[in-house]
Asker: 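I'd like to ask some things about the structure below.
Small disclaimer: the values here were computed from a predicted structure and weren't measured.
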Amino acid sequence: MIRSMTGYGRAKREIGGRNILVEIKSVNNRYLDCSVKLPKIFGFLEDKIKSYISTKGISRGKIEIYVSIDILEEIGVSVELDSAYTASYIAALRRLANEFHLPDDITVMSVAANRDIFAVKKADEDMEKEWSCVLPVLEEATSAFISAREREGANMKADIEAKKRRVEELVEQIAPLSAADVKNQYNKIKTRIKQLIGDVTVDEARLITESAVFADKIAIDEELVRLRSHFEAFDSILASDVPVGRKLDFLLQEINRETNTIGSKACDLEIAKLVVEIKSELEKIREQIQNIE
């Protein structure tokens, strides 16, 4: 199953006196980079969330997970004041008012706007309970996230397959042109050598041999065979059920290398045009592969 590295999933439910929202989004990245944003009080869930994501077969992409938990029932939760920090904060506000001649309108509500003065604590025995509340929502959001990746991946696969078929068609057009190109170059070489030596007697067999050797250097039979082999491997990788982005990227480099070799060997103008078109299609495929997990 081809998956895109970009995706989005969202789920929201009320469970155990908690209103829980989980959003997951991802963009391209060479490796797996997962970050979790949680309310400070629920920071202990971060490792559990990352561990869960790692079990879902997600191997690449920069993934951001946002979890919002609104407490509807105050069970096992206490809010305490950080007195030392609060005192320092109020003193700083008063210095600000004095130094810049500002109205001293410090009130409880204005100070309370700084959430850092409060420390929200939970009873340790409630940690597993909180995880049991978050997990169903995380599962739902992850399922939607993976489905989005798979849908986009299916579209990308269809596009890649269409472009790859076009490349195969172009390669097959090169094969007969290459045979004619070799023959033409062979004849041109013989004619040119005879023109250069003029009336000098030459060993005809040696002339034929040398002309054939040079003409053979521009033959691209081996490159065409390797390209067909690469195309078969490409199809096999596309049909795989594991993440294939890196494998396809590597194989595409090999296909591009063989194409470049064909372009450097061939002397025929039509072959050169076909090579340019092949490279254009390969670049389009490469751009798509960069998005595959």
Asker: Between E287 and K284, does at least one N-O distance fall below 4.0 Å, as a salt bridge requires?
Answerer: no
Asker: Before accepting this row, confirm whether a basic side-chain N of the pair R228/E168 lies closer than 4.0 Å to the acidic partner's carboxylate O.
Answerer: no
Asker: At what distance, to the nearest 0.5 angstrom, does CD1 of I24 lie from OG1 of T142?
Answerer: 3.5 Å
Asker: Are more than 12 heavy atoms from other residues, nucleotides or ligands located less than 6.0 Å from atom NZ of K25?
Answerer: no
Asker: What distance do R246 atom CZ and Y31 atom OH have between them, rounded to the nearest 0.5 Å?
Answerer: 6.0 Å
Asker: Using only heavy-atom distances, determine whether the side chains of D159 and Q288 contain a donor-acceptor pair under 3.5 Å.
Answerer: yes
Asker: Test side chain to side chain contact (heavy atoms under 4.5 Å, CB included) on E152 and M156 and set out the steps.
Answerer: CA-CA 6 Å; E152 187 173 345; M156 291 164 58; 4.0 Å; yes
Asker: Would you give me the side-chain donor-acceptor pairs under 3.5 Å for residues 58-65, sequence neighbours excluded?
Answerer:
from: S59; atom 1: OG; to: E293; atom 2: OE2; distance (Å): 3.2
from: R60; atom 1: NE; to: R30; atom 2: O; distance (Å): 3.1
from: R60; atom 1: NH1; to: I292; atom 2: O; distance (Å): 3.3
from: K62; atom 1: NZ; to: D33; atom 2: OD2; distance (Å): 3.3

Asker: Say whether, by atom type as modelled, one donor and one acceptor occur between the side chain of S143 and the main chain of E139 under 3.5 angstrom.
Answerer: no
Asker: Answer yes or no: does atom CD of E222 have more than 12 heavy-atom neighbours from other residues, nucleotides or ligands under 6.0 Å?
Answerer: no
Asker: Check this for me: K247, atom NZ, are more than 12 non-hydrogen atoms of other residues, nucleotides or ligands nearer than 6.0 Å?
Answerer: no
Asker: Any salt bridge between E161 and K164, counting N to O under 4.0 Å?
Answerer: no
Asker: Classify the angle between the aromatic ring planes of Y89 and Y85 as parallel (below 30°), tilted (30 to 60°) or perpendicular (above 60°).
Answerer: parallel
Asker: Only one of V67, I69, L135 clears side-chain contact (heavy atoms from CB on, under 4.5 Å) with V22; which?
Answerer: V67
Asker: Which distance, rounded to the nearest 0.5 Å, do you find between the CD1 of I2 and the CG of N155?
Answerer: 12.5 Å
Asker: Looking at E281 and R166, does any basic side-chain N land under 4.0 Å from a carboxylate oxygen?
Answerer: no
Asker: Does one side chain, of S54 or S51, offer a donor that lies under 3.5 Å from an acceptor on the other?
Answerer: no
Asker: Would the number of heavy atoms belonging to other residues, nucleotides or ligands and lying under 6.0 Å from CZ of F250 be above 12?
Answerer: no
Asker: Around atom CZ of R94, are there more than 12 heavy atoms from other residues, nucleotides or ligands closer than 6.0 Å?
Answerer: no
Asker: Is there a donor-acceptor pair closer than 3.5 Å between any side-chain N or O of R3 and the backbone N or O of E150?
Answerer: no
